Protein chains: 2
Amino acid sequence: MNNTPVTLKFLAEKLKMSVSTVSKALNNYPTINEYTKQRVQEMARDLHFTPNKSAINLKEKKSHIIGIILPNLLDHYFTRSIYGVEQFATQNGYNVIISQSHDDLKKEIQSANMLLRSRVDGLIVAISKHTQDFSHLDQFENMGIPVVYYARNPSFNLSCHKVLGNTFQGCYQATKFLIDRGHKKIAYLGGPKMINFTHDRFNGYINALNDNQVPFSSELVAYTDFDKENTISAIKNLFANPENMPTALVAFKEPIMFDAMKYLKSINHPDFDKIEYVGFGNTSFISYLDSPPIASIEENPESVGENAIKLLIQLINKEIDIHNYQKVVVDCKLIVHG
Amino acid sequence: MNNTPVTLKFLAEKLKMSVSTVSKALNNYPTINEYTKQRVQEMARDLHFTPNKSAINLKEKKSHIIGIILPNLLDHYFTRSIYGVEQFATQNGYNVIISQSHDDLKKEIQSANMLLRSRVDGLIVAISKHTQDFSHLDQFENMGIPVVYYARNPSFNLSCHKVLGNTFQGCYQATKFLIDRGHKKIAYLGGPKMINFTHDRFNGYINALNDNQVPFSSELVAYTDFDKENTISAIKNLFANPENMPTALVAFKEPIMFDAMKYLKSINHPDFDKIEYVGFGNTSFISYLDSPPIASIEENPESVGENAIKLLIQLINKEIDIHNYQKVVVDCKLIVHG
DNA sequence: AACAACATTTCAAACGTTTGAAATAATTGC
DNA sequence: GCAATTATTTCAAACGTTTGAAATGTTGTT
């Protein structure tokens with residue numbers, strides 16, 4: 001209803017005092033008289049004064065905004081990670097702008113430019129599958145805006161801050177768990193080869209085998225690009241040799257594991273019920289499955305997000321020098337079901 | 001690396017012209033000489049000039065930001081709805097700030113105040129379960145900032161813009177579908193009674209029964225507050241009377257339906273396999289279930305989000321008067337599985 | 001009564017942009 | 001060659017806030 005916006009100037013006129021007194025009164029300056037403060041604050045409340053962020057941002061040369069670029073909000077890993085970010089950001093007076101790249105480099109570049117224009121105070125980014133050139137993200141550091149890479153490893157970009165899940169350890173632990181349960185033929189179903197995590201996890205797998213004197217067989221390793229057809233042909237390969245049948249499976253991701261399980265069941269694989277499955281993810285739906293996996297690798301995305309925002313805020317506050325590149329690793333936890 | 005920020009002033013000094021020429025050149029004013037424009041734009045590119053949004057926002061009295069308040073990013077309904085919002089917002093030059101209320105009124109109020117300070121140009125909100133007082137949201141309209149309520153019906157707030165799923169129609173259609181498949185004893189498992197949708201869906205259910213001459217029995221209706229224990233006791237009630245056994249079930253939400261199914265299976269209910277289930281949601285996970293529901297009610301959250309942002313932008317542009325309250329209803333679609 | 005000491009308020013510039021009005025420069029017609 | 005046009009550039013104020021310096025007001029001391 002009000003047509004004149006309630007600004008400091010407006011309050012000052014009403015109260016017959018100067019704009020600076022009003023400003024200082026609202027910001028609780030010690031040089032302002034107590035009674036004056038009271039009068040100002042009361043008037044501000046009554047007139048629903050809301051400070052204009054754009055003006056403050058301009059003056060302070062801060063936007064109090066943190067940008068997040070991530071592939072996708074349909075993936076629970078990312079939405080869970082945001083939970084950690086948002087909470088800590090809000091506590092520290094920051095707003096969060098989330099932008100989805102949909103794993104498309106063009107959209108990622110667009111998002112980056114848009115956030116740059118918004119003069120975010122810092123950026124948290126999970127790069128798209130196709131990001132190999134980082135110039136759109138390097139712009140930020142060139143302007144002194146800190147960037148924390150998280151969730152996905154930007155292995156092509158050597159000098160940067162990273163917060164990553166300890167995917168090696170997660171896969172090692174899962175494999176070890178299956179070995180301890182007596183398995184000797186443990187298959188590994190990996191993700192797309194272009195994702196670094198695929199190799200890190202494979203290394204966890206193979207190190208666990210080696211450390212526990214379980215022989216490695218290349219027949220027990222296959223990769224999928226997440227496409228269902230592709231997953232099924234991978235699983236066919238894993239179960240191709242009757243002499244070398246897996247009794248357990250470690251999968252890159254629970255959804256592809258479910259596809260694998262569904263396929264094995266659909267062909268009435270004789271050992272379907274005896275095979276033990278472990279995958280990355282810890283989906284809440286697991287409890288509704290008739291033959292649930294024996295365990296899940298919980299990646300603690302909230303913690304990854306929380307560590308990313310904590311590091312970013314330290315960088316913004318210059319508690320850590322922007323060129324003193326940090327790497328934070330968040331361990332996985334094996335969740336045994338049942 | 002640059003310590004002096006690249007501003008219009010900086011460019012102007014480099015080019016030995018006035019700030020306004022630079023500004024107008026970059027904004028492609030017709031009064032500016034072509035050659036000048038070229039020189040300015042080139043210099044801007046070379047020096048990586050990025051206009052300062054805070055300054056523009058202050059001048060234009062617009063933030064180019066749209067706020068979204070929603071309960072939760074872990075619920076696929078909401079993340080899917082954001083997909084629709086983000087895309088259209090970006091196309092129209094708006095950024096989106098998402099804030100989660102976690103279904104907590106206090107957090108919702110906090111979020112609202114934060115977005116008000118940020119001077120969002122418009123607000124899209126899915127209210128928390130406990131929102132009955134709307135003063136924190138009414139502030140926006142009082143300042144001339146349009147608000148669109150979506151996804152959750154703010155029935156206590158009569159004069160407002162709404163975009164809602166046609167939950168009545170969805171439930172009617174599901175019930176009708178089951179009737180057409182020959183069911184006479186169709187149970188309805190509702191959500192928390194404080195949510196309006198619970199009643200709308202119930203009305204859809206009962207209207208479908210009436211319109212098709214299927215007798216209604218109150219024994220076949222129960223409610224749950226989403227808590228697992230609570231769901232199980234509801235389902236026990238539904239299946240309590242051996243004289244009046246349901247042969248089909250319409251559920252408020254797929255997750256509670258899964259809980260119900262799991263329970264029935266766990267007690268080895270004799271008719272478990274014969275019962276036909278339909279719930280709201282269309283979870284992708286369904287395909288991994290051994291006994292999947294016969295159909296799902298797809299609520300088209302992307303479309304709900306898209307309609308909300310479209311309406312909001314029309315309101316922002318004053319193509320629709322802010323007090324000419326609109327109601328948009330998005331139909332559900334029954335997805336038959338298998 | 002004069003002045004130091006302190007309390008309180010106001011001034012004025014700055015942040016980076018936009019934009020109508022005014023000023024200046026270039027071109028045309030005669 | 002000079003006024004009249006037209007093209008182009010610059011001026012100056014504004015958006016709403018913050019903040020150090022300057023100005024003003026109030027006490028207390030002698």
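All chains are named by letter (A, B, ...) in the order of the sequence lines, taking the proteins before the strands, and each is independently numbered beginning at 1. Predicted, not measured: the structure shown is a model, and the values here were computed from it.
- As judged by a 4.0 angstrom heavy-atom cut-off over every strand, B/S20 is placed among the base-contacting residues.
- Nucleic acid contact for A/Y35: none, since no nucleic acid atom lies under 4.0 Å from a heavy atom of the residue.
- Taking atom NZ on A/K9 and atom P on C/dT10, their separation rounds to 16 Å, with Å as the unit.
- Across the protein-nucleic acid pair, A/N52 atom CG and D/dT18 atom P stand 10 Å apart, rounded to whole Å.
- Straight-line distance from the NZ atom of B/K62 to the C1' atom of C/dT18: 15 Å, rounded to whole Å.
- Here D/dG16 is the nucleotide among C/dT19, D/dC11, D/dG16 with the atom lying nearest to any side-chain atom of A/P5.
- Here the side chain of A/T21 is nearest to one of D/dT17, C/dT10, D/dT19, namely C/dT10.
- Nearer the 5' end of DNA chain D, as judged by each residue's closest nucleotide, is the contact made by B/V19, out of B/V19 and B/R119.
- Backbone-only contact: B/K61 has heavy atoms under 4.0 Å from sugar-phosphate atoms and none from a base.
- We find that CE of A/M143 is positioned 11 Å from P of C/dG16, with the value rounded to whole Å.
- Taking the side chain of A/T31 as heavy atoms from C-beta on, and the options D/dT10, D/dT19, C/dT9, the nearest nucleotide is C/dT9.
- The residue among B/T36 and B/L58 whose nearest nucleotide of DNA chain D is located toward the 5' end is B/T36.
- B/E302 and B/S81 share no side-chain donor-acceptor pair at under 3.5 Å.
- Side chain of A/P51, nearest nucleotide from D/dT17, D/dT10, C/dT17: D/dT17.
- Judged purely by distance below 3.5 Å, without hydrogens or angles, the side chains of B/H48 and A/Q139 never pair a donor atom with an acceptor atom.
- Proximity note for A/N27 (side chain, C-beta onward) versus C/dC11, D/dT17, D/dT18: the nearest is D/dT18.
- Rounded to whole Å, atom C1' of C/dA25 lies 15 Å from atom CE of B/M17.
- Using a 4.0 Å heavy-atom distance criterion, B/F49 is classed as a sugar-phosphate-only contact.
- Computed from coordinates, the B/L11 CG to D/dT10 P distance equals 14 Å when rounded to whole Å.
- Under 3.5 Å, the side chain of A/K59 and the base of D/dT18 form at least one donor-acceptor pair of N or O atoms.
- Here the side chain of A/L8 is nearest to one of D/dT17, C/dG16, C/dT18, namely D/dT17.
- When the P atom of D/dT18 is taken as reference, atom OH of A/Y29 falls 8 Å away, rounded to whole Å.
- Classification of the B/F134-B/Y149 ring pair by plane angle, with boundaries at 30° and 60°, yields perpendicular.
- Distances from the side chain of A/N33 to the nucleotides C/dG16, C/dT8, D/dT17 place C/dT8 closest.
- In this model, no donor atom of one side chain and acceptor atom of the other lie less than 3.5 Å apart for A/Q41 and A/N28.
- One atom, CD1 of B/I32, and another, C1' of C/dT18, lie 13 Å apart when rounded to the nearest Å.
- Aromatic ring pairs are classed by plane angle as parallel below 30°, tilted from 30° to 60° and perpendicular above 60°; the pair A/Y94 and A/H64 is tilted.
- Listed here is the closest heavy atom pair of B/P71 and B/A126: CD-O, 3.6 Å.
- Relative to the side chain of A/K24, the nucleotides C/dA21, D/dT8, D/dA21 differ in distance, and D/dA21 lies closest.
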